Amino acid sequence: MIIFLSSGLFCLLMAAVGIQAQQTPINDLNAEYLGNVIRLSVAPLFEEVDAVFNDTQIINLTPGLATQCGFSFKFDPMGNAMFFASLQNCFSQNMDDKMFSLVMQFRLPGNHMTEDPVYRVGKTCSYTPWTSREILCDRNYMEVSVRRTLPDIQTIPKQPTGGPKARSGNFRRGAEAVASGYKMTAVVFSPSKNVMNVDEVQRKGYAIANTPTRLVLRSPHNAEETYLQNVAGVPMRVLSTSTFFEQKWLVTRVDATAVCPTPEAVAFTPEVITWYMPKHIDPLFSSDAFTMLEVYMGIDAKRLDTEEMAARNYSVLVTEAHIIVEIPVGAVGGYFKSHIQDDQYFVTYTIEPMLELLWIEEVAHENTSYKVLFPITTPPMARPPQVRNYTPLDTVPEQAVFVLELGTFNLDVELLNITFPTMVLTVAECNARGFNVQEQRSPDNTLKTFRMEVPFSDPVVFKERRAEQGVTTFTLQLIYGLVIFPEYAPFSHSAVVDAVLLDIVPPSVTGNCDQENFHITVDYRNQEPFFVVLVGKRLLNHEFAQQYLTEGDTDFTITLPFSSPDAVFESVHSSSVRSRLDVALLNPYNNMTIKYFSLACSFLKTLTECFSNGTMTALAVKVDSVPGLNPGQLTLSDPACGPTYSDDRFAYFHFTVNSCGTTRKFINNVMLYENEISLPDELEVKLNATTSSEEEYQLKVSCSYVANITRTLAFLTRPRDNEPFAETGTGRLMVRMRLAQDASYNTFHQEEDYPVVRYLRQPLHFEVELTTSSDPKVALVLDHCWATLNEDRDSRPRWNLIINGCENPEDPYRVVFHPVEADARVRFPPHVKRFEAYMFSFAGDAVEPSGQVFVHCDVVICDASSPTGGPCSGQCVNQDNLKRGRSCFMLFRPWQTITELIGSLSLSTGQRHVKDLFEECHVYVSSGYILWV
C-alpha cells in the first residue's frame, strides 16, 4: 500500500536579494525553494548566468560546468526561462548540511549603446532532515547523496585560478578531503571496475564532494561510466560507484548509486503522453522488502495537489510493477513549439513532469528520497496551415472584399510578408495598402491566426468576366512568408482563392401595413429573380406563394396577416398589438444574405372583453423580447388561475371580476376592475437565468362598468298564423333545454358559468326536459334540431343535427342519443331526452365565420302508451357513435334556457299535440348561441 505523507522538509527563506549593476528593472525574477532544488524564474531570456562564490568570485556557468556542478536551464518559445540548482551544487555555502546559501548573477540582453544589465539574486534555505540516500535526476545530470559514516571529514575547497575577479575558474579539481587522518583516495566505477583518483574523476566531467555529513556524486547522463539497465521493462541509466577513504592502515568504502529514466520510458499517442517509472528500481534495492511512503507528482520541480492535478487532467496510477503518469497533449503546464521539416509545418509539445518518491527498505531500515525532473517532448505532429475564405458574396463587385484567415499556428510564428503575382509586400506595406492584416489569438491565448482583407478592386486581384454566364470571377494568388522565433526558421504557404459574383443589380424591398396585414413588395428590376425569399423563419415555397403572393411584371407582393406565425409580436397594449415581419433575400449558391428588410406596425385590436354578467376575457401574446416564454405558464394575479387555452404564441384567460386576484376601485361613477397576466415569480427567475435577459412579461387587463345606470329589457312575442287550440281542456307545460357539464348529466352549467369554453369537435351534452307534467304516459320526442348563424330559426345557412327524430345521415360527426334512467332527479324518463352533438363552426367559400352558432329544436309531446307512427314512433339511436377532437376553442353562452308552453292538451289518436303561441303542433326550444374566437 502506498501511503501519502508529508515529507517533513521545510524551507526558511532567509534572503532574496537583488543586487543590480544597473538600475534597469527586470520583468520577473522569482526564486523558490522546492525541497532539495532551488528554482528561479527569469523573464526575459538572459544571455549569461554566473555563480557568485564567497561574495567575491564570479564563475561563468558554461553548459559543461552547469552539468558538473548541479545546474540546469529551461527555455520556452515565449521568452521565459527557468533556472534550476541542486541544493548541493558546487557553489552553495553549506552550513553543517542544514543551511544553504546561493547567490547567482544574470546578465540580460542590452544594446550596443549601453552595457548589458546585470542582476544578482540570493537564496538561503534550510533543509532538514536528510534521508539516508537522496537521488536527484535532472535534465542534464544525475546526482546521489548518501549519509557518510566516517567521523569528522571536512571539505577544503581550492580557490579558482585567475584572481578574485575571474569570469571563470577551474572548479573541476573540486576538493580534497581530509579528516582525522582520513583521505579520499579513489573511486571505483561498476561494472567496469575502472579506478580513478579524485582529480581524474573531476577531469572526466564527474563531480565528487564531501559535506559535513554526506558524500555527493554527480554525473552527466551519458557519461562514459554510466550504463543502461532494463528495469521492469523500462530502460534506466545507472551510475554505480564505490569511494575509498584511507587513514594509515585503515581503508573505508562508501557506495553510491544513482538510477534515472531515459526517454524510452515514454509512450505517445496524438492525445496522451504516458510515462512509465519502475516501482522497484532494482539497482537501488538490496532486497524486495520495502514500503513506499510517498508518491508525489509535480511540474517544473513543484508539487501539485490532488485538485490541481484533476483540473489539468493529469493522472498517476500505482500498479504492482510501475508508477504510470498520464498527461494530455496540450495540457496546462507545457507548451507547443513550432518546427519546419521540408517546408512543412509541424508542432511538438513539451512538458517537464516531476515524480517524487520516498521509500524505506525493511531490512536495512534506510530510507531513500528519489526525485526526477523529466522533460518530455512529443514527436513532431503535422499541422498543415489552411486558408479559410470568409468572403461575403452579397454585395456588388465594387464593394466586395476577400476576407482570408490563415492558421492555425503557435505563438512563436510571425508573418513577415505576402507575395502577390506582381509584388512582395511586408505586413506594414499591406496595411498601408488597405489590406488590414491582423493577428488574432485564441481565447486561451495559445494559438494564433492571420486575417487579411483584400478588396476585389485592388490590382493584385485578377478579374475575368463571363458574359455568357452573367458572372465575374475574381482570383487572388498569394504566398505567405512566415518565420519561427527565436531560431528565425523561415517557411511559406501558398494559396489561391476565388469568388464568383452574379452581374446583377440588387433588388429593392419595400413594405406597408393596413388594418390586418403586412404588404411586402420585392422589385427585382427587369432581371430574373436570382434569390430565394425567407419570410420570418420560413422559405417562400410554392404552397406559401399560392396563398400569400401576388406577382407583377418585375416585382411580387407578399400579403401576410399580422397574426401569422411568420411574424413576431414586439409589444402589446390595451387597444393594439405591434407585430414585426422580417424578410431576407438569400443567395441560393451560398445562402448569404443579399437584402434584409424588416417591417413593424401597430394593429388596432381589443385583447380584453368585458361582459355584463361580470366576466372578463383576455388574450396574452408572446412577444419577441421574451423569446423563452411559454404562454401556457402565464397566470393571473392569483397563480392558481392559469389560461383556459394556450399554445406556443397565445394564452387565453376567462374569469369573473370577483376572482383570480382581480382588484376593484371606484373612479367617479365608474367601477374599475384590474388584473395582471405574468409568470409566477419562480418561473420568472428561471427564465431570466436561462436566457440571460432581464425582460419581464407583464400585461395589465381591466374592465370598467358604470355604477349607477338603469337599463330596460323587453321581450316581444311574434304572432303566429295558427293559434293554439284545445280539444278537451287547457293546461300549462314547461320544457327546458340545458347544457350538462359532462356525459354523466349530473351537473349543469348555471347562468353565472357562462360563457363556457368548448373546443372544436368537443362534445356538447344537451338535455331537453318536460318539467311540469306528472303524467307517466306522456313522452317527449325530439323531432328536429338544427344550427344557424343567428337567432332566426329560419335563417340560412343551416345545418341539421336531428331530422325526423334521427341523426342527420350526412353529418360526419353524428348526434349521439343517450338513454335516460330513473333516479332521484328524473322521476319519468320519457319526459327527458338527452343527446350529444359535436362542436363545429360554419365555413364556406361565400360565408365568413361569424363567431357564433345557434342551436334550435322542435319537440313533440306524445302518448307513450299508444304510438301511432311519425315522430311518436320513437327516437332513433346512433350506431356509429363517432368522436373526434381538434385544438380550437369556443365560448358557449346561454340564449334561452326555458321555454314556457301555454296551450291546450288533447289525447286523440294516440298523439298529444301542444299548440303554443309560437309553433303549431311542435314545441320550439333554443339551446343558446356559441361564440368561437
Side-chain angles (χ1 to χ4, degrees), residues 48-54 57-73 84-92 94 102 135-146 148 150 153-164 166-179 182-211 214-228 237-246 251-260:
E48 291 183 355
V49 59
D50 303 322
V52 181
F53 189 70
N54 289 335
Q57 306 299 315
I58 298 175
I59 299 92
N60 179 241
L61 283 183
T62 63
L65 184 60
T67 299
Q68 187 176 16
C69 285
F71 299 96
S72 66
F73 309 92
F84 300 90
S86 167
L87 207 59
Q88 301 183 103
N89 66 80
C90 297
F91 306 112
S92 291
N94 186 339
L102 176 66
I135 297 172
L136 174 63
C137 300
D138 204 338
R139 62 175 54 232
N140 56 336
Y141 67 87
M142 50 202 307
E143 175 186 287
V144 57
S145 164
V146 296
R148 181 175 43 74
L150 299 177
I153 294 182
Q154 298 176 353
T155 299
I156 305 175
K158 292 185 177 181
Q159 293 295 327
T161 61
R167 291 283 299 149
S168 63
N170 184 10
F171 269 73
R172 289 183 175 84
R173 296 185 57 82
E176 293 181 355
V178 294
Y182 281 93
K183 182 179 180 180
M184 186 189 307
T185 58
V187 178
V188 179
F189 292 90
S190 296
S192 68
K193 304 302 182 182
N194 287 336
V195 180
M196 303 181 191
N197 59 36
V198 174
D199 288 341
E200 290 176 314
V201 167
Q202 294 180 344
R203 283 198 303 270
K204 290 283 188 178
Y206 304 97
I208 187 168
N210 285 305
T211 71
R214 307 184 70 80
L215 172 66
V216 181
L217 183 68
R218 190 178 301 108
S219 167
H221 282 294
N222 295 317
E224 181 180 353
E225 297 298 335
T226 64
Y227 63 93
L228 286 174
R237 178 68 61 175
V238 182
L239 174 70
S240 180
T241 65
S242 297
T243 303
F244 291 86
F245 296 86
E246 296 182 7
V251 176
T252 301
R253 186 181 77 178
V254 178
D255 295 331
T257 300
V259 181
C260 294

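Computed from a predicted model, the values in this text were never measured in an experiment.
Side-chain atoms of Arg218 never come within 3.5 Å of backbone atoms of Ala209 as a donor-acceptor pair (strictly under, hydrogens ignored). Judged by distance alone, the side chain of Arg253 and the main-chain N or O of Ser242 form no donor-acceptor pair under 3.5 Å. With hydrogens and angles disregarded, a donor-acceptor distance shorter than 3.5 Å links the side chain of Asn89 to the backbone of Phe91. At least one donor-acceptor pair under 3.5 Å links the side chain of Ser86 to the backbone N or O of Gln88. Of the possible donor and acceptor atoms, none in the side chain of Thr252 sits under 3.5 Å from a partner among the backbone N and O of Phe245.
Rounding to the nearest 0.5 Å places OG of Ser72 at 5.5 Å from OH of Tyr141. To the nearest 0.5 Å, atoms CZ (Arg237) and OH (Tyr227) are separated by 10.5 Å. To the nearest 0.5 Å, atoms CD (Gln68) and OG (Ser219) are separated by 10.0 Å. For the atom pair CG (Leu87) and CG (Leu102), the distance works out to 9.0 Å, reported to the nearest 0.5 Å. One finds the CD atom of Glu200 at 12.5 Å from the CD1 atom of Ile208 (value rounded to the nearest 0.5 Å). Atom CG in Asn197 sits 9.5 Å away from atom CD in Gln202 (nearest 0.5 Å).
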Side chain to side chain contact (heavy atoms under 4.5 Å, CB included) evaluation trace for Leu65 with Phe71: CA-CA 8 Å; Leu65 184 60; Phe71 299 96; over 6 Å; no
Verdict with supporting geometry, Met142 and Thr226, side chain to side chain contact (heavy atoms under 4.5 Å, CB included): CA-CA 10 Å; Met142 50 202 307; Thr226 64; 4.3 Å; yes
Can Phe73 and Val49 be said to form a side chain to side chain contact (heavy atoms under 4.5 Å, CB included), step by step? CA-CA 10 Å; Phe73 309 92; Val49 59; 3.3 Å; yes
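In plain terms, the two heavy atoms of Met184 and Thr243 that are nearest each other are CG-CG2, 3.7 Å. Closest approach of Val144 to Ala256, counting heavy atoms only: CG1-CB, 3.8 Å. Across Pro220 and Gly205, no two heavy atoms sit closer than the pair CD-O, 3.5 Å.
Side-chain contact between Val216 and Thr211: present, with at least one pair of heavy atoms (C-beta onward) separated by less than 4.5 Å.
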Can I get a per-line list of side-chain donor-acceptor pairs under 3.5 Å for residues 186-193, giving both atom names and the distance, sequence neighbours left out?
{"unit_1": "Ser192", "atom_1": "OG", "unit_2": "Asn194", "atom_2": "N", "d": "3.3"}
{"unit_1": "Ser192", "atom_1": "OG", "unit_2": "Asn194", "atom_2": "ND2", "d": "3.3"}
{"unit_1": "Ser192", "atom_1": "OG", "unit_2": "Glu225", "atom_2": "OE1", "d": "2.6"}

